[in-house]
Amino acid sequence: MAQDFIQIYPPDAALCTEARQQLYTDLLENVELGEFKKKTFAPALKRLCLEGQIESRDERIGALRDPAGRINPLGTYVHAYLCLASPVVSEEAFAAILRHYRPQSLTDMAIELVRYFDGTRLRHPGPQVFLRMRCLVRTLAQVIPATSFQYLCGDMFSRFLSRACHDESLDNCMVSDCWEGVDQFVGMGRDMESIHTLATDLFSGKVRQPAIYQDSHVVLFCTRYFQRQLGPHLLALLDAVYQAILAGQRLRLEQGVLVVKHIPRREEWDDDADEAAGDDSAGPGNSDSAQAPALADASSGPIGTGFFCLARSATPAHSRAVENTLRGTVAQPESTAPHILALAPFAGPEALQRVDATTLLLGWEAEFAPEAGRDAAAACTAAGCQVLAPALWLESGEVLHLHGLGPGEPWRFSRAHGANSANSATDKEDDDAEVRELPDLLAVLLARADGESPGQQGAPPR
């Protein structure tokens with residue numbers, strides 16, 4: 001006797017097409033959710049995709065104690081496949097399907113779906129299937145308990161941060177559709193230790209590969225944060241993380257680009273993270289300095305008395321012209337703006353590093369004596385640069401902030417915050433104040449510059 005099937009999709013829907021055949025193949029090969037028998041699953045899925053028919057809506061056919069009872073040929077999560085194979089992809093259509101099922105069953109399905117497909121490299125469904133999965137995840141907010149959905153979103157957010165910090169693919173991360181749920185999860189006041197730690201790493205440059213700051217998913221998330229486009233609970237959490245990071249080490253958004261002005265040295269990382277990197281992390285094309293979005297031409301440089309400052313231009317083009325002039329790489333000096341040529345006598349500085357699109361770190365040899373740095377600062381100003389955080393870096397490692405470098409101003413200095421002074425309480429405080437490498441000096445100057453140029457683009461409200 002012929003078996004009767006239920007027409008679950010509209011009979012007039014275009015089901016028997018090449019695109020639907022590809023959908024069937026993708027689901028069969030790349031999606032396994034719930035329990036099912038492989039022998040009966042493939043023909044049941046094919047019938048669903050190409051004919052729109054199923055044997056039963058129920059997860060189990062027959063009573064639990066019925067000897068003839070069995071699992072639905074489409075498995076215990078038949079509802080998931082009804083959505084993933086639907087000819088109509090929308091939250092409304094998916095919700096209409098899912099409301100026939102128990103919330104607990106849907107919650108269990110949601111947990112498994114996120115575990116296997118949220119950002120993972122182990123499963124590779126095609127773009128069509130993944131878009132359907134994202135729609136399914138968004139729809140869950142309507143059909144499972146609110147607390148369950150919030151926990152699900154918190155898990156996705158933690159996965160996103162972890163993958164960003166540990167150089168894993170973010171292509172299939174689903175949290176970008178669920179920021180409201182993440183905000184509600186944070187508002188529950190649960191333990192945020194893992195998320196707090198990962199967010200700190202992301203906002204301070206302590207990631208496996210700095211090139212992750214060019215990833216579109218990370219850029220979009222950070223842009224939403226800096227532009228205050230996240231929920232109040234999540235913003236409060238991220239603000240606490242961000243403000244706890246030293247000012248010179250914070251991630252910035254500058255002209256739509258994420259910039260990390262301090263890339264932690266590898267020895268600053270957790271020992272476990274170093275071991276996980278393995279020997280390959282130091283191979284050609286994989287070094288942090290090669291892919292960092294800032295600190296080009298990084299060099300530790302010799303320690304010695306010198307005048308250092310940050311020279312900030314109004315535009316990237318002006319900054320490049322300043323850099324070329326100081327490097328002596330201008331092919332036709334007469335084509336350079338006359339005011340920039342004020343820097344010509346100071347070409348070939350001991351330190352010249354690009355910090356971001358409009359900012360250079362500059363350093364010249366100088367004696368610790370009154371008027372030190374005045375001429376170089378005046379040349380930078382004459383060239384159209386804003387001179388930020390001028391300082392003397394002494395051979396001892398001490399950093400002295402300079403003041404009064406303008407015309408007619410009395411030259412004076414002050415010790416960097418926490419630097420050696422007669423009032424230092426302990427030898428340890430003195431040791432901590434010593435700056436021994438150029439990246440550390442840059443961090444000190446950037447922290448100082450934050451106080452000199454308020455309102456930089458990308459800084460969250462203080």
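Atoms OH and CG, on Tyr81 and Leu27 in that order, are 7.5 Å from each other to the nearest 0.5 Å. One distance of note links CG of Leu310 with CG of Leu445; it measures 5.0 Å at 0.5 Å rounding. Interatomic distance, Ile195 CD1 to Arg159 CZ, rounded to the nearest 0.5 Å: 12.5 Å. Taken from CE in Met174 to CZ in Arg138, the straight-line distance is 10.5 Å, to the nearest 0.5 Å. To the nearest 0.5 Å, atoms OG1 (Thr139) and CZ (Phe94) are separated by 6.5 Å. Within the model, atoms CZ of Arg224 and CG of Leu235 stand 9.5 Å from one another, a figure rounded to the nearest 0.5 Å.
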(request) Apply the test side-chain contact (heavy atoms from CB on, under 4.5 Å) to residues Leu113 and Met133: give CA-CA distance (whole Å), side-chain angles for both, the deciding distance (0.1 Å), then the verdict. (result) CA-CA 8 Å; Leu113 178 70; Met133 286 183 173; 4.1 Å; yes
Given Thr223 and Gln229, is the side-chain contact (heavy atoms from CB on, under 4.5 Å) satisfied, shown in steps? CA-CA 8 Å; Thr223 298; Gln229 293 175 355; 5.6 Å; no
* side chain to side chain donor-acceptor pair (under 3.5 Å) between Asp108 and Gln104, worked out -> CA-CA 6 Å; Asp108 293 343; Gln104 185 58 56; 2.8 Å; yes
Checklist line | Worked check of side chain to side chain donor-acceptor pair (under 3.5 Å) between His217 and Ser176 | finding: CA-CA 8 Å; His217 303 85; Ser176 58; over 6 Å; no
| task | Test Leu400 against Ser414 for side-chain contact (heavy atoms from CB on, under 4.5 Å), laying out the working first. | result | CA-CA 6 Å; Leu400 305 178; Ser414 63; over 6 Å; no
*Test log, rule ring pair (Phe, Tyr, Trp, His ring centres under 6.0 Å), inputs Tyr101 and Tyr77*: CA-CA 10 Å; Tyr101 298 92; Tyr77 295 153; over 10 Å; no
(message) Applying side-chain contact (heavy atoms from CB on, under 4.5 Å) to His401 and Val444, what does each step give before you reach the verdict?
(response) CA-CA 10 Å; His401 293 305; Val444 172; 4.2 Å; yes
Check the pair Asp118, Arg134 against salt bridge (charged side-chain N to carboxylate O under 4.0 Å, His left out), reporting the backbone distance first and the verdict last. CA-CA 9 Å; Asp118 178 35; Arg134 289 179 57 180; over 6 Å; no
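Side-chain contact between Thr25 and Leu28 is absent, with no heavy-atom pair separated by less than 4.5 Å. Between His233 and Gln184 the shortest side-chain heavy-atom distance does not fall below 4.5 Å. Here the side chains of Leu23 and Gln128 are in contact, with some heavy-atom distance below 4.5 Å. When side chains are defined from C-beta on, Val218 counts as touching Cys222, because their heavy atoms get closer than 4.5 Å. At a threshold of 4.5 Å between non-hydrogen side-chain atoms, the residues Tyr116 and Val31 do not count as touching. Residues Leu352 and Glu323 are in side-chain contact: their nearest non-hydrogen atoms beyond the backbone lie under 4.5 Å apart. Between Lys206 and Ile245, the closest side-chain pair of non-hydrogen atoms is not below 4.5 Å. Asp155 is listed as a side-chain neighbour of Val114, based on a closest heavy-atom distance under 4.5 Å.
Here the side chain of Arg412 pairs a donor or acceptor atom with the backbone of Pro410 at under 3.5 angstrom. Using a distance-only test at 3.5 Å, with no hydrogens or angles considered, no donor-acceptor pair links the side chain of Tyr225 to the main chain of Leu220. Put simply, the side chain of Thr107 gets close to the backbone of Pro103: a donor and an acceptor are under 3.5 Å apart. Listed for the His318 side chain is no donor-acceptor partner under 3.5 Å among the backbone atoms of Cys385. When atom types are taken as modelled, the side chain of Arg354 and the backbone of Leu360 share no donor-acceptor pair closer than 3.5 angstrom. Using modelled atom types, no side-chain atom of Arg312 and backbone atom of Thr359 make a donor-acceptor pair closer than 3.5 Å. Checking side-chain atoms of Ser162 against main-chain N and O of Ser158 turns up no donor-acceptor pair under 3.5 Å. Judged by distance alone, the side chain of Asp183 and the main-chain N or O of Leu234 form a donor-acceptor pair under 3.5 Å. Looking only at distances, no side-chain donor or acceptor of Trp364 sits under 3.5 Å from a matching main-chain atom of Ala351. Under a 3.5 Å cut-off, the side chain of Ser90 and the backbone N or O of Ala93 do form a donor-acceptor pair.
The heavy-atom pair separating Ala164 from Leu202 by the smallest distance is CB-CD1, 4.2 Å. Closest heavy-atom contact between Ala372 and Trp411: O-NE1, 3.0 Å. The shortest non-hydrogen separation linking Phe130 to Asn172 is CZ-O, 3.0 Å. Nearest heavy-atom pair, Arg208 versus Pro210, reported as atom, atom and distance to 0.1 Å: O-CD, 4.0 Å. Residues Ala95 and Gln142 approach most closely at CB-OE1, 3.7 Å, considering heavy atoms. For the pair Pro316 and Thr358, the tightest heavy-atom approach, listed with the atom from each and the gap, is N-CG2, 3.7 Å.
Open room surrounds CD on Glu365; 12 or fewer heavy atoms of other groups in view lie less than 6.0 Å from it. Atom CD of Glu350 has more than 12 neighbouring heavy atoms from other residues, nucleotides or ligands inside a 6.0 Å radius. Surrounding CD of Glu409 are more than 12 heavy atoms belonging to other residues, nucleotides or ligands, all under 6.0 Å away.
Using a 4.0 Å cut-off between charged side-chain N and carboxylate O, Arg115 and Glu112 make no salt bridge. The pair Arg132-Asp26 does not count as a salt bridge, with every side-chain nitrogen at least 4.0 angstrom from each carboxylate oxygen.
Between Phe203 and Phe221, the ring planes are parallel. Angles under 30° get that label, and only those over 60° would be called perpendicular.
Residue Phe157 forms a ring-ring contact (aromatic ring centres under 6.0 Å, His included) with just one option from Phe185, Trp179, Tyr151, and that option is Trp179.
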